[in-house]
Structure formats: C-alpha cells, structure tokens
Novice: 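Before I ask anything, let me first share the structure, which is written out below as structure tokens.
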Amino acid sequence: MIHVPLRNMNLGEGANGEMVTNPTPWYFITHPRGNVVIDGGNAPEVAGDYRKHWGPLTEVSTPVMTPEQAVVPALKAAGLDPAEVRWIVQTHLHLDHTGALAVIEAFPNAEVLVTRTEYAWAHAPASYAAPGYCKFDFVKDGIPWVLLEHSEDGYDLFGDGTLRCWWTPGHTPGHMSIEVKLPSGAALLLAADAANTIDHLNERKLPAFNVSVDDAINSVRRLRRLAWRSQATVVAGHDPEQWPTLRHAPEYYD
Ligand SMILES: [Zn+2]
C-alpha cells in the first residue's frame, strides 16, 4: 500500500491536501515453459528505511509494507520457487514496480522484459518525473534486459496467447499493459498504471500524473477496445475500491 495525495491521483481533486491509500499490486503467472513475475512491487528495503531507498518521493507519498510482502518471501510463502521464474515483465519502471529487479540475483533463470522507450526514459527521466524512479533497483550490472521495440507492440511472450504486451503510453512514455489469457479461456487485462483506477479506465476522472495526457487518454481508449475484444476483466493499477473485489494469493485465477 501507499499513501498518496489525492491531487497526484485525479486531476482537479485533492486541493485541500486529502490523502488516499492505494494498493501496490504485482502478479505471478504459472506456465509450463516457465513462470512470470509481472512487476514485483516494492524493493525489500521499502519495508525498512523507505526514505533512504525511495528519496524525495517520500516527502509526499509514504509506503506501508512488511518484509514478508517483498517478492521473494511472498513467493516462498506461496510455495513458489524464484528459480522457476523465466521472465520478469515490467509494465514500466516506477519505484513501486521494480521490487523484483532490486533482488535480481534471486531470479537466476529470468530475463527482464521492458520496452526500450521505458528503459531509456527511466535511466534519464525529465526532472519532474525523476522522483518516480528508484535507480538503486535497476541501474546496476547483472540485469538481463530484453528491450521491446514499438514495432513489437502486441508481443506474445509464449507464442500461445497466454501473455501479450500492449504499448499504453501516457503515464510514462514506455508503459505497457498486459493481457493474460487463462486456461478457462477467460482473459484479464492488467492495465497497470495506464488505468490507475476504474474511474480512469472509463474517463470519469483523469489521472493527475502523466508525461502526456493525450497519450494517456488514447491508451485508456485502447484498453477498453482490447477488453471488449477479448471480454477481459480489466485490473486497474492502484484502485482501492476494485482491489478488495479481486482474488489475492493464495487464491488465483484459472
Ligand atoms: Zn507508475
């Protein structure tokens, strides 16, 4: 979870300093050819001295995290082996999504999929966007990056439709959302921060943090088309109202 100013969530709201508490989810997918971590939450350091680890962002937003919520202990508690993770898929590289990269040595058989655009921006963001990135987590040797080009939009990771990557810029320039096809045939569309909330998805509210409002609006419209096409349930990135209605580990979708 993270406490954030409402004015940083919804455009035109929160002028009196109201705060909201948002979930900071991550996702795990099992597949016969190797498992997938999507994002990976916060780095384990965030359960301790988060000000030191996250820096200036914590002057306005404060995380709430226990050590057990970090990606490796959470996987082990669920009976899952980090060595069986084949891919770490990054919707983007904001600091509440890079928890698996922070402990990349725990995933000896994983490669890290992210767009080349996001990789470049995260390493050299504009000054207004810099507090959203924690370079301790991902600016280091030993991360086996695989960089997706825009020409690969819709990339099908396993080639069987299980996991497809859709470019949804606006929140960040290289953001992508992930469409997951379940064994039952049902689909989930993990919007991540292309739609922080269902209100954003449906344009009842506009997100307050964007690198491009125009791109953000086009991306939520794209998400709605994708969800219509596959009749997917859209999972918003940080929605305190939707979150309790979803299944959480050890429950799962199949
Ligand atoms: Zn973000």
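Whatever order the structure lists them in is the order used to number ligands and atoms, beginning at 1.
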Novice: Could you check whether H31 and W87 have their ring centres less than 6.0 Å apart?
Specialist: no
Novice: Any non-hydrogen side-chain atom of Y155 less than 4.5 Å from a side-chain atom of R164?
Specialist: no
Novice: Contact between I2 and T21 at the side-chain level, heavy atoms closer than 4.5 Å - yes or no?
Specialist: no
Novice: With the Zn ion (ligand 1) at the center, what angle do NE2 from H92 and OD2 from D193 span, rounded to 10 degrees?
Specialist: 90°
Novice: From H171, does some N, O or S atom reach closer than 2.8 Å to the Zn ion (ligand 1)?
Specialist: yes
Novice: Check for me whether the distance between the ring centres of H97 and H238 falls short of 6.0 Å.
Specialist: yes
Novice: In H94, what N, O or S atom is nearest to the Zn ion (ligand 1), if we give its atom name?
Specialist: ND1
